[in-house]
Each structure stands twice: as C-alpha cells, then as structure tokens.
Protein chains: 2
Amino acid sequence: MPSHRHTIADDLRTQITTGRLKPGERLPAETQLATHYSVSTPTLRNALALLQAEGLVNKIHGKGNFVRHSLRHITYLGGSRTTLAQFPSDPALRVSVHTINRLAQGHLATLLKVSARSPLTEFRRIAYEGQSPRSLTRIYVPRDLPPPKYEELAEIQETVTARVPTPEEASTLRISPVLPVLSITRVTTAPTGRVTEAALLTLPGNRAHAIFTTHPTTTESRPAG
Amino acid sequence: MPSHRHTIADDLRTQITTGRLKPGERLPAETQLATHYSVSTPTLRNALALLQAEGLVNKIHGKGNFVRHSLRHITYLGGSRTTLAQFPSDPALRVSVHTINRLAQGHLATLLKVSARSPLTEFRRIAYEGQSPRSLTRIYVPRDLPPPKYEELAEIQETVTARVPTPEEASTLRISPVLPVLSITRVTTAPTGRVTEAALLTLPGNRAHAIFTTHPTTTESRPAG
DNA sequence: GAGTGGTCTAGACCACCAC
DNA sequence: TGGTGGTCTAGACCACTCC
C-alpha cells in the first residue's frame with residue numbers, strides 16, 4: 001500500500017510529464033490541492049517535496065508551486081583555465097555579483113595558504129537562467145596578490161563532494177534542503193606556490209555534472225569539441 | 001531566527017561530533033527527545049531527518065536512531081591510470097567481486113560505444129571497511145576486446161554527479177535513501193577510439209570526495225575573454 | 001491587505017522489531 | 001506484548017510576495 005504522498009506525487013508527476021501541467025504554470029495553492037486530494041496540508045506538502053527533489057516543481061515562498069522549465073543541464077568542465085573574470089562563461093546567463101572585503105580565517109585560510117586575518121576579496125556570484133538561480137559560486141582571492149596571469153598557472157586542483165545544501169544555499173538556489181548538491185572546490189596555484197584563487201561552486205545535483213578529461217600518455221592538448 | 005529543527009539538529013550534531021554520543025549508541029526515543037526539547041514529534045523528526053541526510057544518524061524502523069560509526073574518508077583520485085584490476089587499491093579493505101556476463105543495452109551501450117546486445121562482462125565490486133560497505137563499483141568491459149594495455153590509454157573521462165541513491169544502492173551501502181551519493185562514471189578510451197572500460201562508482205557523499213589535479217601546459221590557448 | 005508558502009502543535013493510528 | 005518509528009490529521013501562527 002503506497003502512502004498518500006506517493007500516490008499524490010505520482011498523479012501530479014503524470015500531469016506534468018504528459019504536459020497537462022505546462023512548464024512555468026502555477027499549481028493550485030497547497031490548501032486547494034490538499035482539499036482536492038482529501039489530505040491535510042502537511043501531507044500534500046510532503047508530496048510536493050518529492051517532486052521538488054526530482055526537480056519537477058519549483059516552490060517560491062509567497063508565490064506558489066510552479067512546474068519547472070526544463071532547464072539546460074549544467075556541465076562543469078574540469079581543469080579549465082578560466083578564472084573569476086570569465087567563470088560562468090555562458091553569455092546566455094544572467095549573473096549577479098557581490099564583492100565583499102573580508103579577512104581569512106579557519107578553513108578558508110588553509111585553502112588559500114595564507115595566515116589568518118590576512119585580507120581577502122570575496123566574489124559571490126549567482127547565475128540565473130531566466131528567473132531560476134542555477135549556480136552559486138564564491139570566489140576568494142588574496143587582496144595582496146596582483147591579478148593572476150593565466151599563462152602562469154601551475155596547477156588547478158578541484159575537489160568534488162556530494163552533500164545536502166546549507167540552509168543558505170538551499171534558499172539561494174531555491175532548492176529543497178534535501179536535494180543533493182554537487183560541491184566543487186577549485187584551487188589554482190601559481191608557479192611560485194602561492195594560491196591565486198579559491199572558488200567554491202554549489203550546483204543543484206539533479207541537473208549538474210562535472211566532467212574531467214585526462215590524456216595520460218600523450219602531451220598533446222586539444223581543445224574539446 | 002533559526003527554526004527549531006535546526007537548533008535541535010545543531011545540538012545533537014554537537015553531542016555526536018564531540019563524542020558525548022558515541023558511534024553505535026542509540027539515541028533516546030523520538031517521543032522522549034521531543035519532550036526533552038519541548039517540541040512536537042514531527043518537528044523532532046524533521047531535526048533527525050537533517051542528521052540522517054548528513055549521514056550522522058542511522059534510523060531503523062522499530063529499533064531506534066543510532067549514531068553512525070565514523071569511517072575513514074574516501075578519496076577518489078581522478079585521472080589515475082589504474083584499471084579494474086587495481087581499482088580500489090587499498091589493501092586494508094575487504095573487497096567482494098561478482099562477475100556477470102550480460103548484454104549491452106540502452107545507456108550502457110552508448111557509454112561503451114558498442115551496439116545494443118553486444119556482449120559485456122560486468123564486475124560488481126563492493127569494498128568493505130570492517131562490516132560496513134563503503135563503496136560500490138560496477139565495471140563494464142566489452143567481451144570482444146583484448147585486455148587493455150595501460151600504456152595505450154588515450155583518454156580517461158570522468159563524469160561526476162550528486163544524487164540520491166537508488167533503493168538498491170542505499171541497501172547495498174547501508175545508507176539512508178536521502179543521503180547524497182557521489183556518482184562517478186569513468187570511461188577509458190584506447191587510441192583506436194574504442195572504449196576499453198566503463199566504471200560506475202557510487203560513494204556515500206558524507207565521507208567521500210574526488211580530487212582532480214590539472215597542470216596546464218603552456219601550449220594551451222588562453223580562453224577568450 | 002490578500003494570498004501564498006514555512007513552520008509548528010498535539011495528538012491519532014498503523015507497521016516493524018524484539019521478547 | 002510493549003516499544004519503536006512511519007504516516008497522517010486539522011488546525012494555528014508567522015514570513016514572504018504582490019497589489
């Protein structure tokens with residue numbers, strides 16, 4: 001016997017995938033849906049939570065539940081030499097940037113190999129596709145370093161994990177707190193050994209992947225095409 | 001103002017990470033915890049759901065909530081030339097392997113660039129630390145190919161995603177169905193262009209990360225900006 | 001201000017596990 | 001059989017968005 005929320009989720013999922021509910025369309029209010037399915041509002045919300053975790057429904061506080069536009073899949077290309085100036089290099093995206101001056105501390109200081117309380121600049125970028133946020137990037141650069149010259153990058157190291165978003169990330173990306181996110185920490189090092197930049201990317205797991213390509217034997221480096 | 005469930009989760013998380021609650025220990029019953037924190041049982045259960053998603057707590061129906069044993073962190077090193085013979089190269093781990101003969105189909109055929117119904121060998125490996133499974137690897141090789149020579153690998157491509165485990169993966173790895181997993185698809189290609197091997201790794205997100213290191217060569221062109 | 005979702009309460013009943 | 005978690009009810013009040 002499937003639980004109520006699953007039968008409700010199945011019904012709504014069918015309506016979405018068959019196109020009876022169209023992308024961008026607002027679902028009836030949760031109270032109305034609860035009445036329609038003869039369940040309490042928490043139960044109906046649990047059903048919607050399933051669809052959110054699948055990325056089918058986008059819930060906006062104060063506005064309603066919307067059928068997601070099928071967003072383009074996000075492909076993060078590992079090892080690319082772009083830096084903060086070009087980072088989300090897709091011109092089709094709208095990007096907001098906040099710049100914050102702050103001091104290194106804790107994990108961040110370790111990552112950048114600087115001492116605690118040394119000055120940093122933080123760039124907090126959110127990329128939007130239409131109205132939907134699709135990625136959050138926090139970039140940290142030591143403020144006492146000259147802008148890096150890309151020809152002189154010695155190493156790019158990317159660390160990838162899967163986790164649940166922090167409450168802040170969940171609200172920023174408008175995703176469910178239980179939707180896994182792909183978290184990429186990208187540290188670039190100059191030949192001098194100094195870390196020129198650390199970037200923390202958070203991508204919704206249901207529509208993002210990261211690709212890393214290695215050519216072990218040959219030294220030829222062809223751009224991917 | 002943080003919500004109740006977060007403050008409760010924070011408190012329990014502190015008790016777990018500081019060792020006041022020890023690995024394997026059973027937490028008080030949910031009704032008792034709800035009384036202790038002066039919240040309703042649904043609210044307390046929401047708090048526990050957060051800890052479950054973080055992998056700190058293991059919930060067993062009819063028995064209780066248990067503090068997870070902390071296992072060693074899993075580091076997946078990207079771009080390594082090891083193949084199925086050496087894959088989880090840690091000798092401290094116990095590894096079980098099942099070998100299955102099967103036919104390519106669907107996504108798997110695409111991945112291996114072979115036609116549907118062409119013969120494959122599947123190696124299904126589970127690595128254990130003590131009694132706890134820690135990783136699941138499924139390796140597929142075309143059966144009509146000679147064993148690859150590692151000197152002749154032309155390309156290793158790794159695709160990384162974050163998602164919730166399939167029910168089968170959750171039970172195999174003994175993790176919560178809502179705990180994110182790091183999923184790595186690793187495809188190796190010979191100079192001939194043939195795919196020699198595809199490996200699907202599933203790692204519990206809360207104790208695994210993947211590291212990719214790139215050393216840009218000076219022959220690469222600077223990205224347009 | 002009207003309507004929406006976010007969170008929470010204080011229970012209820014059922015399903016699973018061990019004794 | 002007793003204790004545990006799984007699911008659900010029928011509300012309540014707060015926070016956000018838009019007009």
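Letters A, B, ... are given to chains in the order of the sequence lines, protein chains preceding strands, and every chain is numbered from 1. Not measured: the values here are computed from a predicted model.
Of the two residues near DNA chain C, B:N46 and B:T41, the one whose nearest nucleotide lies more 5' is B:N46.
Counting only heavy atoms from C-beta on, A:R5 has its side chain closest to D:dC8 among D:dC8, C:dG11, D:dT9. The A:E30 side chain lies nearest to C:dG6 when the options are D:dC8, C:dG6, D:dG6.
Rounded to an integer number of Å, the gap from NE2 of B:H6 to C1' of C:dG6 is 12 Å. Computed from coordinates, the B:L44 CG to C:dT7 P distance equals 16 Å when rounded to whole Å. The CG-P distance, from A:L33 to D:dT9, rounds to 14 Å in whole Å. Summarising the geometry, the separation between OH on A:Y37 and C1' on D:dT9 is reported as 19 Å, rounded to the nearest angstrom. In this entry the distance linking CD of A:Q32 with C1' of C:dG3 reads 10 Å, nearest Å.
Legend: residues meeting side-chain hydrogen bond (donor to acceptor under 3.5 Å, both in side chains) with B:R138, ordered by chain and number and at least two apart, are B:E169, B:T202. Partners of A:Q105 according to the side-chain hydrogen bond (donor to acceptor under 3.5 Å, both in side chains) rule, which considers only residues two or more places apart in sequence or in another chain, do not exist here. Partners of B:R13 by salt bridge (charged side-chain N to carboxylate O under 4.0 Å, His left out), not counting sequence neighbours, listed by chain and number: B:D10, B:E54. The salt bridge (charged side-chain N to carboxylate O under 4.0 Å, His left out) test applied to A:E155 returns no partner, not counting sequence neighbours.
Looking at B:Q157, its side chain never comes within 3.5 Å of a backbone N or O of A:I211 through a donor-acceptor pair. Judged by distance alone, with hydrogens and angles left aside, the side-chain atoms of A:R143 form a donor-acceptor pair with the main-chain N or O of A:R102 at under 3.5 Å.
One finds a side-chain N or O of B:R45 lying less than 4.0 angstrom from the OP1 or OP2 phosphate oxygen of D:dG6. Distances shorter than 4.0 Å separate some side-chain N or O of A:T43 from OP1 or OP2 on D:dT9. Proximity of B:R26 to the phosphate of D:dT4: a side-chain N or O atom is located under 4.0 Å from OP1 or OP2.
Shortest non-hydrogen contact noted between A:T161 and B:A208 is CG2-O, 3.7 Å.
Ring geometry for B:F212 versus A:F212: interplanar angle under 30°, hence parallel rather than tilted (30 to 60°).
Contacts between residues 53-68 of chain B and DNA chain D, counted as heavy-atom distances below 4.0 Å, involve B:K59, B:I60, B:H61, B:G62, B:K63, B:G64, B:N65.
Within the 4.0 angstrom heavy-atom criterion, no nucleotide atom of any strand lies near A:T35.
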Handout entry: Bracket notation of DNA chain C in which parentheses pair within the strand, [ ] cross earlier pairs, and | pairs with another strand (Watson-Crick or G-U, under 3.5 Å)
Key = ||||||||||||||||||.
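Other residues, nucleotides and ligands place more than 12 heavy atoms under 6.0 Å from the NE2 atom of B:H73.
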